[in-house]
Amino acid sequence: QVQVVESGGGLVQAGGSLRLSCAASGSIFGENTMGWYRQVPGKQRELVAQIYSTGSTNYADSVKGRFTISKDNAKNTVYLQMNSLKPDDTAFYYCRLVLYGSGVYWGQGTQVTVSS
């Protein structure tokens, strides 16, 4: 079975940095997209960043210039480098893996808290 597991969340002061990791395991092949989403209580889950098989990326406007998504194909791992963190970045962050023609897989999430 395909699984995705996030790590790297925690508590950081405003202006600080964190790096989230998402490791995918199982039968993974073909085209895929991996991305990061975040959600706070009472609000809709929102896309933070995605990276495609081609290596191209897209970001939410709110994080553009501060966050960077990258991947290590050999390790089936995607990273989210978060710099210049703001209190508004506080959320539960989820990793999503899309295997084209196969399915969509979510990680369990990891909490990111940015103190002011």
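The structure displayed is predicted, hence computed values, not measured ones.
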- [ ] Provide the full list of side chain to side chain donor-acceptor pair (under 3.5 Å) pairs with a residue in residues 76-92, sequence neighbours left out, each pair given once.
- [x] Ser17-Asn83, Arg38-Asp89, Arg66-Asp89, Gln81-Asn83
Close side-chain approach of [X] to [Y], heavy-atom, < 4.5 Å:
{"X": "Val112", "Y": "Met82", "answer": "yes"}
{"X": "Leu80", "Y": "Phe67", "answer": "yes"}
{"X": "Leu97", "Y": "Val104", "answer": "no"}
{"X": "Leu47", "Y": "Trp36", "answer": "no"}
{"X": "Val78", "Y": "Cys95", "answer": "yes"}

In Å and rounded to the nearest 0.5 Å, what is the [atom1] to [atom2] distance from [X] to [Y]?
{"X": "Thr54", "Y": "Glu31", "atom1": "OG1", "atom2": "CD", "answer": "9.0 Å"}
{"X": "Thr113", "Y": "Gln13", "atom1": "OG1", "atom2": "CD", "answer": "13.0 Å"}
{"X": "Thr33", "Y": "Ile51", "atom1": "OG1", "atom2": "CD1", "answer": "9.5 Å"}

TODO: Give a yes or no on whether Gln111 atom CD has more than 12 heavy-atom contacts from other residues, nucleotides or ligands under 6.0 Å away.
DONE: yes
Task: side chain to side chain contact (heavy atoms under 4.5 Å, CB included) assessment of Asn58 paired with Tyr52 - done: CA-CA 9 Å; Asn58 70 281; Tyr52 304 93; 3.0 Å; yes
Task: Any pair counted as salt bridge (Lys or Arg N to Asp or Glu O under 4.0 Å), so long as it reaches residues 53-65, sequence neighbours left out - done: Asp61-Lys64
Open item on the list: Strictly distance-based, threshold 3.5 Å: is any side-chain N or O of Lys71 a donor or acceptor partner for the main-chain N or O of Ser53?
Closed with: yes
- [ ] Please check if the side chain of Glu6 supplies one atom and the backbone of Gln108 the other of a donor-acceptor pair under 3.5 Å.
- [x] yes
Give me the atom names and distance for the closest heavy-atom approach of [X] to [Y].
{"X": "Val12", "Y": "Gly16", "value": "CG2-CA, 3.8 Å"}
{"X": "Gly9", "Y": "Leu20", "value": "N-CD2, 3.5 Å"}
{"X": "Gly35", "Y": "Ile69", "value": "CA-CD1, 4.3 Å"}
{"X": "Ala24", "Y": "Val4", "value": "CB-CG1, 3.8 Å"}
{"X": "Ser116", "Y": "Pro87", "value": "CB-CG, 3.9 Å"}

Hey, quick one: are [X] and [Y] part of the same hydrophobic cluster, counting side-chain heavy atoms closer than 4.5 Å, chains of contacts allowed?
{"X": "Leu85", "Y": "Tyr59", "result": "yes"}
{"X": "Tyr105", "Y": "Val48", "result": "yes"}
{"X": "Tyr93", "Y": "Val114", "result": "yes"}
{"X": "Val2", "Y": "Val98", "result": "no"}

Task: Ring-face cation contact, Tyr94 with Arg45, 6.0 Å cut, 45° max - done: yes
Open item on the list: The test is side chain to side chain contact (heavy atoms under 4.5 Å, CB included); show your working for Gln3 and Trp106 and say whether it passes.
Closed with: CA-CA 8 Å; Gln3 295 185 30; Trp106 291 89; over 6 Å; no
- [ ] Quick one: name the residues clustered hydrophobically with Leu11, using the 4.5 Å side-chain heavy-atom rule over I, L, V, M, F, W, Y, and just say none if it's on its own.
- [x] none
